[in-house]
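The analysis underlying the following values was restricted to heavy atoms, covering all of them including side chains, and did not include hydrogens, waters or symmetry mates. Counting convention: from 1, in listed order, for ligands and their atoms alike.
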Amino acid sequence: MTTSLTVTALIRHVRRLGEAHREQAELLDLTHDTVFVRDMSDVISYWNHGAEELYGWTKEEAIGKTSPHLLKTRFPVPFGEITEALLNTGRWDGELIRTRRDGRQVVVASRLSLKRSENGRPLAKLETNIDVTERRRTEESLRRSQAQYLAEAQKLSLTGSFGWNVSSGEVFWSEQSFRIFEYDPSIPPTIEALLQRTHPDDVAFVQKTLEHAIEARRDFDFQHRLLMPDGAIKHLHIVAHAEKESVFKLQYFGAVKDVSAARQAEEQLHETRSELARMSRVTALGELSASIAHEVTQPLAAIVANGEACLRWLFHPTPQPDEVQTCVQYMIADARRASEIVLRIRMLLKKDTPQKTQLCLNEVINDVASLIQHEILTHRVSLRLELAPGLPPLHAGRVELQQVILNLAINGIQAMGGIDDGPRELVIKTFQDEAGNVVASVQDSGTGIKPESIGRLFDPFFTTKPDGMGMGLSICHSIVEAHGGRVWASNRTGRGAIFQLSLPPFAKAGGL
Ligand code: ADP
């Protein structure tokens, strides 16, 4: 009796359990997600309605089959790794590619959980899937169209991009970068490949610039030339930002722009400008030498004549000191006249009275800085401006002051022309001195001034350059003096020269 009661209770319990399972299974059918269960050998034991919809196989067809086989699963990592993760952690998440009954491929986000028996033995794998095919497809086509737009934009703007992992040596070039360097996109991009295309005269400069940037872990921004296999020259502008992820990791992301066209236009402009300058110099020089010849020859001829007469009187059988004295007096007077003529010619050179306005010296220097960009680039000089803010304004001619600063800057750049080692740095500073005057200094790291030249720099026609005219500093001197200021030069300790000019502020210089 007791036994039969127990059996009946047991049967009822088992039935209840069965019903609970069936109810749970029916509930799982209501969800839109795909759920299926398989044993440890991947034989499918449960297949919900969502699975039927996603994969096209009915319950009857799927149950009893092995899942990787039925669904031709492609795993993102080796299958063993998935099993291992499942056994160790009880779960695994990832994306799988599977083939439906109708042959179409689907991408599914898969989540696997492991069911264990009470004593911990792995029993079954429960898998849920969400179909992400459409999402992936949209993302992929978006990525593709973005990449395409980017490639087109790079092509149009002649700008390529690159990445450089300095720590691992890996380099990435965009399609346009390959096009700029004229390499086949199948070759691995490297820094050596860049250097191979670099103009031989610029290789050392590029290497040094990159080395310095890496050493200081700093951004870089420079221009250089490429020499293409067909002999063509390209001008490039390379800019890159340093990503410092850790002490050991340094990466650059940058852009490389082909600026040949802009450079050519600039060079043409420069040529036209210097041709104009040369012509006006030639004209000025022609006029000047004509008037010098005309006006100075006469007193010089008189000096020569009087000198000869002097000699004659000196070596006369009866020397005539009175005559000698008269001749010498004439000679002195003629020499004075000649130097007055030279002075007058100098005054002529600056005959148009400058239009003086209230202006700021820093602005004048900024104007000049943009005018000399070409010289700075071609002479590989770096220009540093240290302009004091809040300087009082000046009462001056803008063009005249530009001419002064321009002359000093160009002289500085030329003085660094013959320097092969060490930095070539032109520094222009402004500040206010103790007397309240506004001071500008132009310093270079060039050859410096020879001691024997230092007293004659500002003399007209003093030059040490084979093609120099020696008028630049003399004109600077006249202009600065006409503004009530002072200009002077000295050698720097170390290397190079420093030219300084001081000008009274507006209030003291005839302004308000
Ligand atoms: P030019 O440039 O035609 O020679 P300048 O009057 O401008 O005429 O300069 C006169 C001379 O002064 C130059 O030939 C050169 O010897 C010297 N000089 C000018 N600037 C510098 C400088 N920054 N460093 C060294 N010497 C200089």
_Protein heavy atom at shortest distance from atom 6 (O) of ligand 1_ = Leu473 N, 2.8 Å
_Residue pair Pro189 / Tyr183, side-chain heavy-atom distance below 4.5 Å_ = no
*Ring centres of Phe178 and Trp173 under 6.0 Å apart?*
yes
*Establish, from distance only, whether the side-chain atoms of Lys465 and Asn411 form a donor-acceptor pair under 3.5 Å.*
yes
*Can Gln176 and Thr159 be counted as having a side-chain donor-acceptor contact under 3.5 angstrom?*
no
_Closest to atom 16 (O) of ligand 1 (judged by heavy-atom distance), picking from Ile413, Thr464, Asn491_ = Thr464
*Starting from atom 2 (O) of ligand 1, find the nearest protein heavy-atom neighbour and note its residue, name and distance.*
Lys465 NZ, 2.6 Å
*Say whether, by atom type as modelled, one donor and one acceptor occur between the side chain of Ser453 and the main chain of Ile449 under 3.5 angstrom.*
no
*For Gly412, counting its heavy atoms only, list the atoms of ligand 1 lying under 4.0 Å from any of them.*
23 (N)
*At a 4.0 Å threshold, what atoms of ligand 1 neighbour a non-hydrogen atom of Ala497?*
24 (N)
*asked:* Any nitrogen or oxygen of Asp444 lying under 3.5 Å from a nitrogen or oxygen in ligand 1? Just yes or no.
replied: yes
*Considering heavy atoms of the protein only, find what lies nearest to atom 20 (N) of ligand 1 and give residue, atom and distance to 0.1 Å.*
Asn411 CB, 3.3 Å
*Any atoms of ligand 1 less than 4.0 Å from a non-hydrogen atom of Phe499? List them with their elements.*
19 (C), 20 (N), 21 (C), 22 (C), 23 (N)
*Near Ala415, which atoms of ligand 1 are under 4.0 Å from a heavy atom of that residue?*
22 (C), 23 (N), 24 (N)
*Residue and atom name of the nearest protein heavy atom (relative to atom 4 (O) of ligand 1), distance in Å to one decimal*: Thr463 OG1, 2.6 Å
*Per-atom contacts of ligand 1 with Gly468, taking only distances under 4.0 Å to non-hydrogen atoms*: 3 (O)
*asked:* How about CD on Glu175, more than 12 heavy atoms from neighbouring residues, nucleotides or ligands closer than 6.0 Å, or not?
replied: no
_Proximal ligand 1 atoms for Phe462, defined as those under 4.0 Å from one of its heavy atoms_ = 10 (C), 11 (C)
*Nearest neighbour of atom 8 (O) of ligand 1 from the list Gly470, Gly448, Ser453, on a heavy-atom basis*: Gly470
*If we only count heavy atoms from C-beta on, is the Arg384 to Leu426 side-chain gap below 4.5 Å?*
no
*Checking Asp444 side chain against Ala497 main chain: does a donor-acceptor pair fall under 3.5 Å?*
yes
_Proximal atoms of ligand 1 relative to Leu457 (non-hydrogen, under 4.0 Å)_ = 12 (O), 17 (C)
*Determine whether the aromatic ring centres of Phe162 and Phe253 lie less than 6.0 Å apart.*
no
